[in-house]
Amino acid sequence: MKLFAAAPLFFLSATLLTAEEWEPKPLIEEAVEAMGGRAAFYAKQGVRYTYTYRKSDGKKDVSIETYRFGDEFSKARYSHRDLLFPEMKGELVQIFDGKFTRTFLDGNSVKKEDVAQRSDFLRKTNFYWFAMMFKLLDPGLIYTYQGNQEIDGVKYRKVDISFEDGVGDVKDTYLVFINEDTKLIDFFLFTVMDFGIEDPLLMKVGYEEIDGILLPTKRKYIQAEDWRATHDPDGDWVYEISTDVEFGNFIQ
């Protein structure tokens with residue numbers, strides 16, 4: 001397996017390049033092909049991996065995540081929880097069956113509204129982050145070219161991605177930065193409207209090659225100061241790490 005680190009983003013200063021008119025969707029298609037291709041990814045049927053969600057203070061949640069690509073079935077079995085319902089002692093399992101999310105503690109169904117809401121958000125969000133680059137070619141997306149930008153000597157083409165009415169649970173916005181040399185999305189800005197977060201967060205991505213597919217297994221995000229990716233590199237990052245990744249249909 002190879003690890004592909006995203007281009008560094010250390011400086012807040014960024015130089016706007018001479019704007020060129022590019023058709024935005026082909027840029028996304030090119031990025032997905034650089035990762036191995038959408039068809040090749042979905043042909044894997046599903047995936048299982050260990051997921052660590054860690055804050056800068058060291059607190060973390062660790063789960064075994066299992067997804068089925070066809071209907072976006074998602075399951076998590078938590079082995080460690082500092083952040084997610086720490087007051088609930090026992091083994092926590094979340095299952096999204098493509099329509100509904102259920103939560104179990106030591107095998108018993110949990111009906112609390114706050115638990116149900118958080119579990120539903122995590123089941124859908126965790127799958128989306130893992131498959132996001134390939135899902136950027138889903139139907140119902142709106143692509144807008146936003147010009148070029150140079151950061152730390154790396155030239156990027158920027159594409160704004162939003163959703164048509166009726167697509168998705170909420171209407172988040174993404175601004176992806178496509179490396180002109182590698183064609184990969186090194187980082188992107190995004191909102192989290194489920195929690196009323198309209199100011200952009202910055203997500204940096206590191207790729208790992210597994211069975212011929214580049215996957216965003218190393219991610220970290222932080223609050224951005226603007227939609228030009230300005231941020232404090234020494235600020236409080238949140239880390240999302242995927243390890244022991246295996247493709248296959250693990251849910252029959």
If you count the non-hydrogen atoms of other residues, nucleotides and ligands that lie under 6.0 Å from CG in Asp57, is the total more than 12? yes

Taking the six-membered ring of Phe134 as reference, does the cationic atom of Arg38 (NZ for Lys, CZ for Arg) lie under 6.0 Å from its centre and within 45° of its axis? no

To the closest 0.5 Å, what do you measure between CH2 (Trp227) and CG (Leu175)? 6.5 Å

Gap separating the CG atom of Leu202 from the NZ atom of Lys220, nearest 0.5 angstrom: 9.5 Å

Check the pair Val176, Phe187 against side-chain contact (heavy atoms from CB on, under 4.5 Å), reporting the backbone distance first and the verdict last. CA-CA 6 Å; Val176 301; Phe187 55 93; over 6 Å; no

Should the pair Tyr49 and Phe130 be assigned to parallel (<30°), tilted (30 to 60°) or perpendicular (>60°) ring geometry? parallel

Atom OG1 of Thr144 and atom NZ of Lys25: how far apart are they, to the nearest 0.5 Å? 13.0 Å

What are the two closest heavy atoms between Arg77 and Val93, and how far apart are they? NH1-CG2, 3.6 Å

Quick check, are the ring centers of Trp129 and Tyr51 under 6.0 angstrom apart? no

Could you check whether any side-chain heavy atom of Asp120 comes within less than 4.5 Å of a side-chain heavy atom of Leu122, counting everything from C-beta outward? no

Closest non-hydrogen atom pair, Arg228 against Asp226: N-OD1, 2.9 Å

Step by step, work out the side-chain contact (heavy atoms from CB on, under 4.5 Å) result for Ile95 and Thr101. CA-CA 5 Å; Ile95 298 174; Thr101 298; over 6 Å; no

Answer yes if Ile142 and Ile185 sit in the same cluster of Ile, Leu, Val, Met, Phe, Trp and Tyr residues linked by side chain heavy atoms under 4.5 Å apart, and no otherwise. no

Beyond-backbone contact of Lys60 with His80, side-chain heavy atoms, under 4.5 angstrom: yes

Would you please say whether a donor-acceptor pair under 3.5 Å links the side chains of Tyr143 and Glu23? no

Please examine the side chains of Leu214 and Glu208, heavy atoms only from C-beta on, and report whether any two atoms are closer than 4.5 Å. no

Do Met132 and Phe163 belong to the same hydrophobic cluster, where Ile, Leu, Val, Met, Phe, Trp and Tyr are linked whenever their side-chain heavy atoms lie under 4.5 Å apart, directly or via other members? yes

Ring geometry between Phe69 and Phe41 (parallel below 30°, tilted from 30 to 60°, perpendicular above 60°): parallel

Is there a side-chain contact between Met203 and Phe190 in this structure, where contact means two heavy atoms from C-beta onward sitting under 4.5 Å apart? yes

Value rounded to 0.5 Å, distance of CD1 in Ile178 from CZ in Arg157: 8.5 Å

Report yes or no: does Arg81 contribute a side-chain atom to a donor-acceptor pair with the main-chain N or O of Met88 at less than 3.5 Å? yes

As a quick check of understanding, evaluate side-chain contact (heavy atoms from CB on, under 4.5 Å) for Arg54 and Lys59, giving each step before the final call. CA-CA 6 Å; Arg54 176 172 58 84; Lys59 291 183 178 179; over 6 Å; no

Does Lys89 use its side chain to pair, donor to acceptor, with the backbone of Pro86 at less than 3.5 Å? yes

Quick check on the hydrophobic clustering: are Val47 and Phe96 connected, directly or via other members, by side-chain heavy-atom contacts under 4.5 Å? no

Interatomic distance, CG@Leu141 vs OH@Tyr174, rounded to 0.5 Å, equals 9.5 Å

Between Arg118 and Leu84, the two heavy atoms sitting closest are CG-CD1, 3.6 Å

Test item: Phe85 and Asp61 side chains (from C-beta on) under 4.5 Å apart, heavy atoms: no

Assess whether salt bridge (charged side-chain N to carboxylate O under 4.0 Å, His left out) is satisfied between Arg48 and Glu246, documenting all intermediate values. CA-CA 5 Å; Arg48 180 172 61 199; Glu246 299 177 89; 3.4 Å; yes

Please evaluate residues Lys75 and Glu65 with respect to the criterion salt bridge (charged side-chain N to carboxylate O under 4.0 Å, His left out), reporting the C-alpha separation (whole Å), side-chain torsions for both, the decisive distance (0.1 Å), and the verdict. CA-CA 6 Å; Lys75 179 179 179 180; Glu65 301 273 328; over 6 Å; no

What are the two closest heavy atoms between Leu184 and Ala34, and how far apart are they? CD2-CB, 3.8 Å

Residue pair Glu180, Lys155: steps toward the salt bridge (charged side-chain N to carboxylate O under 4.0 Å, His left out) verdict: CA-CA 6 Å; Glu180 287 192 17; Lys155 297 177 181 179; 5.6 Å; no

Less than 4.0 angstrom from a charged side-chain N to a carboxylate O is my criterion; do Arg68 and Asp71 meet it? yes

List the atom of Gln223, the atom of Pro200, and the distance in Å for their closest heavy-atom pair. NE2-O, 2.8 Å

Asp186 and Tyr156: side-chain donor and acceptor closer than 3.5 Å? yes

Kindly compute the distance separating CG (Leu201) from CD1 (Ile222), expressed to the nearest 0.5 Å. 9.5 Å

Quick one: does Lys55's side chain get under 4.5 Å of Trp237's, heavy atoms only? no

Assess the residue pair Tyr207 and Met35 against the criterion (side-chain contact (heavy atoms from CB on, under 4.5 Å)); give the C-alpha distance rounded to whole Å, side-chain angles, the decisive distance to 0.1 Å, and a yes or no. CA-CA 9 Å; Tyr207 294 91; Met35 294 176 63; 3.8 Å; yes

Do we see a donor-acceptor contact under 3.5 Å between the side chains of Thr217 and Ser242? no

Please report the shortest heavy-atom distance between Phe104 and Gly107, naming the atom on each side. CD2-O, 3.9 Å

is_close_aromatic(Phe250, Tyr67), centroid dist under 6.0 Å: no

Checking side-chain hydrogen bond (donor to acceptor under 3.5 Å, both in side chains) for the pair Tyr128/Glu72: CA distance, chi angles, key distance, verdict? CA-CA 9 Å; Tyr128 191 86; Glu72 301 192 0; over 6 Å; no

So, Glu198 and Thr191: side-chain donor and acceptor under 3.5 Å apart, yes or no? no

Is there a path from Ile28 to Tyr145 through hydrophobic residues (I, L, V, M, F, W, Y) whose side chains come within less than 4.5 Å of each other? yes

Cluster question for you: counting only ILVMFWY and a side-chain heavy-atom cut-off of under 4.5 Å, with indirect links fine, are Tyr78 and Val115 together? yes

